[in-house]
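Since the model is a prediction, treat every value here as computed from it, not as a measurement.
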Amino acid sequence: MSDVIAGHEQNPAALLEQVFGQIAADEMCGLPFYRDHIPLRACGFQLFEQQWVGALLTPWMLSLVVLPGPQQSWQRRAVGERLMLALPCGTIGFTVSEVAGCGQYLSRSLMSPLETSLSTERALQLAEQSARMALSLPVVDADAPANPRRRALFNKVSQVKNQHA
């Protein structure tokens with residue numbers, strides 16, 4: 001086994017759907033938390049800083065996924081190791097995962113198991129929006145203090161002033 005994980009030259013969505021489709025058929029479909037009506041879909045995969053980032057929806061979970069991109073190589077890590085990644089939406093903790101046919105990747109569970117009331121349409125919408133939000137720039141109030149602790153301090157100061165007025 002190599003110490004280096006080679007990058008995916010092509011968008012890995014089709015590969016993820018194939019590999020996880022086999023896992024669904026072989027291992028997951030009989031489990032009580034498996035949702036038959038939820039499709040298996042790799043959503044919104046695009047390159048961000050030369051890594052593939054997107055969401056993976058399966059009948060049992062929804063996760064953000066990161067794989068090495070074209071001409072990238074990752075150092076092999078222990079499965080289960082946690083890494084923090086700075087994405088446009090903020091810093092997110094990911095877990096090193098590995099599956100035969102796909103190699104190592106980083107995953108962040110967003111919903112596992114899936115809610116029983118989740119409809120097919122809503123599940124697909126959540127997956128697409130999750131992928132999009134992970135790579136969206138945060139929107140901040142330009143007039144708000146940069147440090148939330150300072151904002152809390154200002155609120156306490158104004159409360160104290162109001163009590164004495």
Side-chain angles (χ1 to χ4, degrees), residues 1-70 72-140 148:
M1 191 179 306
S2 172
D3 287 342
V4 175
I5 308 299
H8 296 265
E9 297 300 316
Q10 304 294 321
N11 185 321
L15 175 64
L16 286 168
E17 289 177 4
Q18 175 189 351
V19 168
F20 277 86
Q22 196 60 53
I23 292 169
D26 293 347
E27 303 169 29
M28 303 302 284
C29 65
L31 298 175
F33 51 82
Y34 188 91
R35 309 283 175 249
D36 286 325
H37 66 284
I38 303 293
L40 196 144
R41 197 78 44 83
C43 299
F45 275 85
Q46 59 184 302
L47 286 172
F48 174 73
E49 294 187 0
Q50 303 307 309
Q51 314 306 317
W52 293 107
V53 179
L56 179 62
L57 174 66
T58 70
W60 63 92
M61 68 161 184
L62 172 61
S63 295
L64 280 180
V65 174
V66 180
L67 296 106
Q72 298 295 304
S73 58
W74 288 1
Q75 196 65 35
R76 181 171 291 284
R77 296 182 178 274
V79 171
E81 183 179 343
R82 292 190 34 84
L83 300 170
M84 300 299 287
L85 296 184
L87 295 176
C89 68
T91 302
I92 299 177
F94 284 84
T95 302
V96 175
S97 303
E98 188 167 9
V99 64
C102 190
Q104 284 195 345
Y105 61 96
L106 303 177
S107 64
R108 168 60 185 233
S109 177
L110 300 177
M111 189 185 299
S112 180
L114 297 178
E115 292 178 14
T116 55
S117 62
L118 192 62
S119 70
T120 302
E121 297 77 24
R122 185 73 183 124
L124 287 166
Q125 188 178 43
L126 274 172
E128 290 289 346
Q129 289 174 347
S130 297
R132 196 170 27 254
M133 286 178 62
L135 298 179
S136 296
L137 293 175
V139 177
V140 240

Which residues satisfy the side chain to side chain contact (heavy atoms under 4.5 Å, CB included) test with Gln72, sequence neighbours excluded? Gln50, Gln51, Pro68

Does Leu85 form a side chain to side chain contact (heavy atoms under 4.5 Å, CB included) with Ile92? I'd like the steps, not just the answer. CA-CA 5 Å; Leu85 296 184; Ile92 299 177; 5.6 Å; no

Between the side chain of His8 and the main-chain N/O of Ala13, is any donor-acceptor distance below 3.5 Å? no

Taking all heavy atoms of Ser107 and all of Ser97, pick out the closest pair and write down the distance. OG-OG, 2.9 Å

Looking only at heavy atoms, what is the nearest atom pair of Ser63 and Ser109, with distance? OG-CA, 3.7 Å

Of all heavy-atom pairs linking Pro70 and Leu47, the shortest is CD-CD2, 3.5 Å

To the nearest 0.5 Å, atom OG1 of Thr58 lies from atom CG of Leu16 at 11.0 Å

At what distance, to the nearest 0.5 angstrom, does CE of Met133 lie from CG of Leu87? 12.0 Å

Would you call the rings of Tyr105 and Phe20 parallel, tilted or perpendicular, taking 30° and 60° as the class edges? perpendicular

Atom CD of Gln129: over 12 foreign heavy atoms under 6.0 Å: yes

Point-to-point distance, once rounded to the nearest 0.5 Å, from CG of Leu64 to CZ of Arg108: 8.5 Å

I need the Trp74 CH2 to Leu106 CG distance, nearest 0.5 Å. 4.0 Å

Nearest heavy-atom approach of Leu57 to Ala127 is CB-CB, 4.0 Å

Tell me the closest heavy-atom pair linking Pro12 and Phe45, and the distance in Å. CG-CD2, 4.0 Å

For Tyr34 versus Ala24, what's the shortest heavy-atom pair and its separation? OH-CB, 3.8 Å

Ile5 CD1 to Glu98 CD distance, which is reported to the nearest 0.5 Å: 6.0 Å

Under a 4.5 Å cut-off applied to non-hydrogen side-chain atoms, are Asp36 and Pro59 in contact? no

Heavy atoms of other groups near Met111 CE, more than 12 under 6.0 Å: yes

Any chance the side chains of Arg122 and Gln125 put a donor and an acceptor closer than 3.5 Å? yes

Residue among Thr116, Thr120, Leu118 satisfying side-chain contact (heavy atoms from CB on, under 4.5 Å) with Arg35: Thr116

Rounded to the nearest 0.5 Å, what's the gap from CD on Glu49 to CG on Leu135? Could you check? 9.5 Å

Under 3.5 Å: donor-acceptor pair, side chain of Trp60, backbone of Met28: no

Should we say atom CD of Gln10 is surrounded by more than 12 heavy atoms from elsewhere, each under 6.0 Å from it? no

Whether Gln104 side chain and Val96 backbone form a donor-acceptor pair below 3.5 Å: no

